[in-house]
Amino acid sequence: SRDNGSDVEMLHGEASKSGRNVRRQETSSRQAQTLGRRASQQNDMSTVSAEHRSASGDAHQHERSASSRDMQSGEDSAAASSLGAWYTSVVSTIESLTVGPPSARDSSSISAGNRDAIDPTASSGDAGSISWMTSAMKQLDELTMEVQAMAWGKPAPTESTSASDVDSNNTGTSLKQQLLDQIGAAQAQLGQRIDETRAALENAVQGMLPEQLQRPWISASAQLCLDLETHPELLQSASVRIGTDICGQEQDFRQQRAERMRKDFAQFIGVAAATVDERDIPIIGVAGSGGGFRAMVSTVGSYRAMYQAGLSQCVMYDAAVSGSSWAVGALHTYGNGDPHKVLGNLRLAMQSSVFSMENLMAFARENCDIAQRVFADMAARYLLSAAETDNAQEDTSAVESQDVAPISRQQGGTSVIGMVFDEILRRGQQVAESVLPEYFLITRSAEPIAATAPATVGDFLQDAKKALQSMSIPPVSVVELYGALLFKQLIVQHTAGEDKQVHLTLDSRWTKLSGQRAAVDRGLQAMPIYTAVRHFIGSNDNSTEQSASDHKYQWFEFSPYEVGSIDHGAWVPSWAFGRPMKNGREQYRVGEVHFGSILGTVASAFCASVDAMATEIYMVVPGALRSAIMDPLLDRYERDTAVSHLIPPYTLFNPFYRTEDMRSTNEHEQEMAELEAAPLLSLMDAGLENNLPFASLLRAERDVDMIICLDSSANIDIMPWFARAERWASDHGVRRWPWGARPWASDPLRQTKIEAEMNSTTLRFTKQAAEQTERRIKNDNVRCVVFDGPVAPSPATARREKAEPPPISVLYLPLMGNREFRNPDFDPQTADFCTTFNHRWTAEQVDLLADLTTFNFNQELEQIRQAVKRAYERKRSYRLYTEQEKGGAW
């Protein structure tokens, strides 16, 4: 049903509806009788005319001519009689289609010619009535075409045609128009009834919902997006930053964090704090993997071990993919950096189903205020979508006159699928080694809009309507609902009261990513980085007839400071993410995107391409079946399956839309132009590209010295995450990667690009080292592998110079069982409750998995401590060496 910005009006009473139906039936009956009489009159007129022509012929005309006239007269009479019967059938059809769904009717009484009859059985409910009336409208359209195609009367009069023939032709033409008018009136009646029934259906559905989820509640929820206390950013004008460097706020954070961690770091590695220079403290980033709820619980367990050992206080970045993002999000909201609080919440929250409709209804009824804050962003998007519908009805001709057509509802229908497919079919040139030169740093400030921040939902919708004259908006996505449900379960804090009842708490700051700045700004916690990817097809002519290697995933990251593309070097403040921008100007203002939507986006593995879904099956199918059946199919349909998504990703306004500063004449920067030409931005789970967030931590400008990988992936021993990280490092000129680092030798997936390009010597060294590492993990019960130097020769493009900083140390901790654990038979890779999408856990199951990862980390704690100390000593030695070199030069 259409939403016009006001509450749905009450339907007329049943008596009124009955009266209308009776009047319609009487009107239709009178109209049918009138048309029937007209048809009979034409029949009589045609017969009389034929008899008159036969009797008044020329007395001297040949007898054969008279006979011929008699024969023509008989044919005319028969044709007119048949036409009259057809009139009656059509009028009867119109009447039956107008009065409503019949309880029983012979299909032959509806048919006209060879038309298919409408199903005589109609649903008793409003939904069935709408379906029946829609079919009736289609039947009336077919009737119109049939009436227009009929031969009405005879050909134009000649010298031998009598006056009565002309009268008969005129009568046929008049009847045709009358019949078309009758059909038009029937269509108008049906259209009105469809609108009324849809309104009734909406009322019925609304009546099924609790009061808190009805229209007034939705409007009140949307109003929260305009609350200046929660969203002070509504008074600020956004900026687009173009460049590869980190932003000023992140630089300030790093300085604050280094100062605060000096004592903790010294204590962790066992040296006197006075001997530690802040410049020598290695930049440590934790990389949490995807894996749904399993990854969330296991990641929190590892963080608990780091917290207890004092290592988490020495971490600069908390980077995450998919499920581990939920753990990081909890740590940076209600957890306040304490994993014990997060585990306490999970024990209570995960006992009920995340996606249960019954739980959702109870939540909305019993926690109205919290529920409104959880669903505020969705409510605003719903009303905004309605504003576009109304706007389209007022002016359906409004189309952008620019060189690139927008993704619109007309292209994609009311489904986001069409929008996303249009989005990912836009193509540009493949990315080069470096998207932007280091010196190319431009900040484009959006001009302040004339209007102040909207104070009410009505003001907001009015601003949106004006902007939408030339812009499209993304519809409400299933990913947003998914994210809201995750937020309700995992970020809303659950505590058990003295009455043994679970009580819920929600701080408004937790609903915003920028709200996580409070502790980060002061250096009290590591900076969280949430990751997602955009699916890009990389040809410069928008042709779909390219090889599958053309397409790629572009990395995006979300931090409390900025949201943007790693591959493009384009950024906006986190508080402005979601605002529609065009030509560097804000189109209207709305509050920051809800953190729940981000949690849903970064973990939307169900939006995977068909090829990625097939890969999940590929990994568990026997080798013979893979080579005989799956390989030929995947190769044959490689292109289509690689770029097609059965479930569309989260789509929102592209903040870089038509930002001209992104364009460049340099041929290596055409990908920038492709992004700025897209009005909408579609993002999905980064695990589709790499289930570990290496891209964010390998950015040269972050200068990370150590990456601690917490891998909770399914089928963990056959995943090519390190091979893909190595490829990304090579493509982006990262020289410090420990080349050849691979924890697993077994890889049933088809050869990756980086391995295909490596020479045979390098590949042989890599596989030999990987086989040795895998034996240590599986046979020797090792739960942490350290790569702190090259395992194999580096690619020529990444060979290091003598004076360069030491290689990045990569610590790999896989989620695996442990024969020394209190439950040695517990294997998280095979346990039923540890499956990726299991969303209901008992408190005992939460503790079992979290205790395992805590145990594994503690088992390897001394090895980890020594690796951190070595990284510190190498960094310190390099600093002293460079200072000495500079001193000698002076």
Side-chain angles (χ1 to χ4, degrees), residues 290 292 320-323 325-326 377-378 381 385 406-409 411-428 472-487 513 530-538 551-558 563-568 577-578 580 593-616 640-657 674-675 677-691 693 695 836-837:
V321 168
S322 197
S325 301
W326 305 338
D377 202 46
M378 283 193 67
R381 286 283 292 272
S385 179
I407 299 176
S408 64
R409 282 179 176 265
Q411 288 175 295
T414 56
S415 169
V416 72
I417 295 177
M419 293 184 176
V420 174
F421 280 0
D422 288 344
E423 168 85 3
I424 64 176
L425 289 176
R426 299 179 185 276
R427 307 167 64 87
S472 301
I473 70 165
V476 177
S477 167
V478 65
V479 177
E480 287 178 274
L481 177 59
Y482 170 64
L485 295 175
L486 289 173
F487 185 91
L513 175 59
Y530 310 92
T531 57
V533 292
R534 174 178 181 255
H535 203 169
F536 167 76
I537 301 174
H551 84 99
K552 61 171 288 185
Y553 290 102
Q554 301 167 335
W555 281 84
F556 280 70
E557 67 178 36
F558 307 75
V563 175
S565 169
I566 301 173
D567 293 320
H568 296 88
F577 186 60
V593 166
H594 200 285
F595 185 51
S597 296
I598 294 176
L599 291 180
T601 300
V602 300
S604 55
F606 51 82
C607 295
S609 65
V610 175
D611 180 67
M613 292 181 178
T615 300
E616 293 293 324
D640 294 335
T641 59
V643 300
S644 300
H645 297 258
L646 297 179
I647 300 177
Y650 177 52
T651 303
L652 72 169
F653 291 113
N654 179 10
F656 315 116
Y657 181 40
E674 186 277 337
L675 176 64
L680 300 177
L681 182 66
S682 297
L683 300 174
M684 64 195 85
D685 195 321
L688 302 177
E689 169 62 14
N690 195 321
N691 214 32
T836 300
F837 292 104

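Worth saying up front: this structure is predicted, and the values here are computed from it rather than measured. Starting from 1, each residue takes its place in the sequence as its number.
Here the shortest heavy-atom pairing between Val602 and Tyr530 reads CG1-CB, 4.2 Å. Between Trp326 and Gly292, the shortest heavy-atom distance links the atoms CZ3-C, 3.6 Å. Counting all heavy atoms, side chain and backbone alike, Ala320 lies closest to Pro693 at N-CG, 3.7 Å. Nearest heavy atoms, Tyr657 versus Ala677: CE1-O, 3.7 Å. The minimum heavy-atom distance linking Phe656 with Gly564 is given by the pair CZ-CA, 4.3 Å. Closest approach of Pro648 and Cys607 over heavy atoms only: O-SG, 3.3 Å.
Side-chain N or O atoms of Asn691 include one that pairs as donor or acceptor with a backbone N or O of Gly290 at under 3.5 Å. The backbone N or O of Leu652 sits nowhere less than 3.5 Å from a side-chain atom of Ser682 that would complete a donor-acceptor pair. Judged purely by atom type and a 3.5 angstrom limit, Ser604 uses its side chain to pair as donor or acceptor with the backbone of Asp685.
Separation of atoms CZ (Arg534) and CG (Leu681) is listed at 6.0 Å; rounding is to 0.5 Å. Taking CG of Asp377 as the reference point, atom CZ of Phe595 lies at 13.0 Å (rounded to 0.5 Å). With values rounded to the nearest 0.5 angstrom, Met684 atom CE is found 7.0 Å from His535 atom NE2. Residue Ile598 holds its CD1 atom at 10.5 Å from CZ of Phe487, rounded to the nearest 0.5 Å.
Taking the six-membered ring wherever Trp is involved, the centroid distance between the rings of Phe577 and Phe558 falls below 6.0 Å. Tyr650 has its ring centre no less than 6.0 Å from the ring centre of Tyr482.
Between Leu675 and Asn654 the shortest side-chain heavy-atom distance falls below 4.5 Å. For the pair Leu683 and Pro649, the minimum side-chain heavy-atom distance is 4.5 Å or more.
By the salt bridge (charged side-chain N to carboxylate O under 4.0 Å, His left out) test, Glu689 pairs with Arg727, sequence neighbours left out.
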request  = Begin from the C-alpha positions of Trp555 and Asn690 and carry the test side-chain contact (heavy atoms from CB on, under 4.5 Å) through to its verdict.
outcome  = CA-CA 10 Å; Trp555 281 84; Asn690 195 321; 3.8 Å; yes

message = Please evaluate residues Lys552 and Asp567 with respect to the criterion side-chain contact (heavy atoms from CB on, under 4.5 Å), reporting the C-alpha separation (whole Å), side-chain torsions for both, the decisive distance (0.1 Å), and the verdict.
response = CA-CA 11 Å; Lys552 61 171 288 185; Asp567 293 320; 4.2 Å; yes

